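Take a look at the structure below.
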Amino acid sequence: MSRILISGGTVVTADGPLDADVLVEGEKIEAVLPRGVIVTHADRVIDAAGRYVLPGGIDVHTHMEMPFGGTFSADTFETGTRAAAWGGTTTIIDFAVQAKGTSLLATLDKWHAKADGNCAIDYGFHMIVSDVNDTTLKEMDACIAAGVNSFKMFMAYPGVFYATDGEILLAMQQAARSGATVMMHAENGIAIDQLVAQALAAGRTAPVDHGLTRPPELEGEATSRAITLAQVANCPLYIVHLSASHALEVVAEARDSGQNVFAETCPQYLFLSLDDLARPEFEGAKFVCSPPLRPKSHQDSLWRGLRTNDLSVVSTDHCPFCFKEQKELGRGDFSKIPNGMPGVEHRMDLLHAGVAAGRITLPRWVEVASTTPARMFGLYPRKGVIATGSDADIVVYDPRARQTLSASTHHMNVDYSAYEGLEITGRVVTTLSRGRVVIDDGQYLGSAGHVTFLARGLNQYLL
Ligand SMILES: [Zn+2]
């Protein structure tokens with residue numbers, strides 16, 4: 001087994017920074033050592049002086065090769081996980097998508113086949129339940145036994161993923177029996193479809209109309225309804241990609257009352273806004289995702305939510321579609337623009353920019369990007385922490401390096417960057433995935449076969 005010593009750095013965990021060296025043996029962290037302890041016979045020493053040593057990022061919301069509106073998201077498991085490693089993310093949890101009329105277990109097999117042998121970092125799955133019936137409900141237990149114990153449902157996208165309140169209640173009751181978590185895309189899709197039809201009939205067809213027809217009130221309403229249904233079913237609830245202060249308010253209220261309600265937001269809602277969706281010449285299509293980017297005024301509430309822990313996690317909802325030929329499907333009709341944005345590579349950096357700007361603290365960065373995702377989705381302490389016995393998923397991060405985000409330098413398989421030209425401070429130097437150096441000072445050294453599927457345990461925050 002190879003031994004790697006990461007020496008001279010500042011180990012940052014959710015508890016705070018600590019000057020310490022980290023000894024890796026094989027795939028695991030062997031020891032976190034006080035500075036000055038002499039380690040002999042390390043096969044390699046990584047000099048981390050002046051750098052942070054972080055637990056690898058965990059992105060619990062990605063969509064690699066996802067079918068959507070007749071096309072597929074542009075990153076495969078291979079390209080998407082490689083880009084993640086470049087950005088200091090060492091675990092993703094992707095979504096297996098049940099098509100109507102198919103079984104959950106067959107869906108899971110299909111997603112295993114897509115990911116198996118192709119990923120550069122470890123991965124797990126959530127299951128999207130889009131066809132609630134007796135068979136599906138029974139299969140949820142089999143999914144849990146197979147290491148998939150979080151089920152995503154949609155209050156949006158009627159006719160595609162949409163589930164009625166009754167179906168949601170049934171799935172929540174089923175999940176609750178095992179302590180599994182239901183994840184919710186909370187937007188009122190029925191009302192939104194009416195607004196979309198009205199806009200198109202009135203000739204309002206531009207990308208910005210995507211945002212204007214999905215008002216934040218309808219996210220707030222759906223979030224509140226999801227919370228109520230979860231309360232009735234006594235089911236843990238996790239709101240995905242929360243974008244609006246309206247939704248945050250009802251999440252905060254539910255959390256204050258002691259309900260098992262959790263929420264994540266994404267970098268695009270912290271850094272981008274409706275103004276980007278309104279960029280001229282169809283450029284706004286690059287920023288079409290759902291829920292949509294909001295007016296800038298929501299950003300302050302989201303950062304505050306991260307500080308107060310009403311938002312516990314930052315994931316990316318990475319779902320890239322190329323501008324050419326994919327986003328362009330919606331020229332002249334915003335409702336045909338594939339929904340989703342690239343981001344898996346930049347989450348750690350953008351959150352570090354939040355640290356640099358005084359929006360969140362250094363330990364909070366690690367907490368929302370790694371430690372809490374690990375606990376929320378049953379991977380802790382194997383993942384999400386630098387501690388003896390944990391997987392050696394480690395990032396050496398230079399907090400002073402400058403970089404400019406751009407499609408010409410990123411590693412995601414998509415022809416634009418949502419952050420083109422953005423200058424930020426901080427950059428990944430080295431990424432280890434279970435003890436193996438996969439990114440090293442500007443070089444990719446990983447390979448697809450090295451990683452494993454993570455069968456996950458239950459949410460560790462349940463009251
Ligand atoms: Zn998503």
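Start at 1 with the first residue, then count along the sequence. Ligands are counted one by one from 1 in listed order, and the atoms in each one are counted from 1 as well. Just so we're clear, the structure is a prediction, and the values are computed from it rather than from any experiment.
Taking a cutoff of 4.0 Å between a charged side-chain nitrogen and a carboxylate oxygen, R255 and D310 qualify as a salt bridge.
The Zn ion (ligand 1) forms the vertex of an angle spanning NE2 of H63 and OD1 of D317; to the nearest 10 degrees it equals 90°.
Not one N, O or S atom of H241 sits under 2.8 Å from the Zn ion (ligand 1). In summary, no N, O or S atom of H185 is located under 2.8 Å from the Zn ion (ligand 1).
The six-membered or imidazole ring of F321 lies away from that of F72, with a centre-to-centre distance of 6.0 Å or more.
Contact record, Q299 with F271: NE2-C, 3.6 Å, taken as the closest heavy-atom pair.
Side-chain atoms of E187 and L218, non-hydrogen and from C-beta on, never get closer than 4.5 Å to each other.
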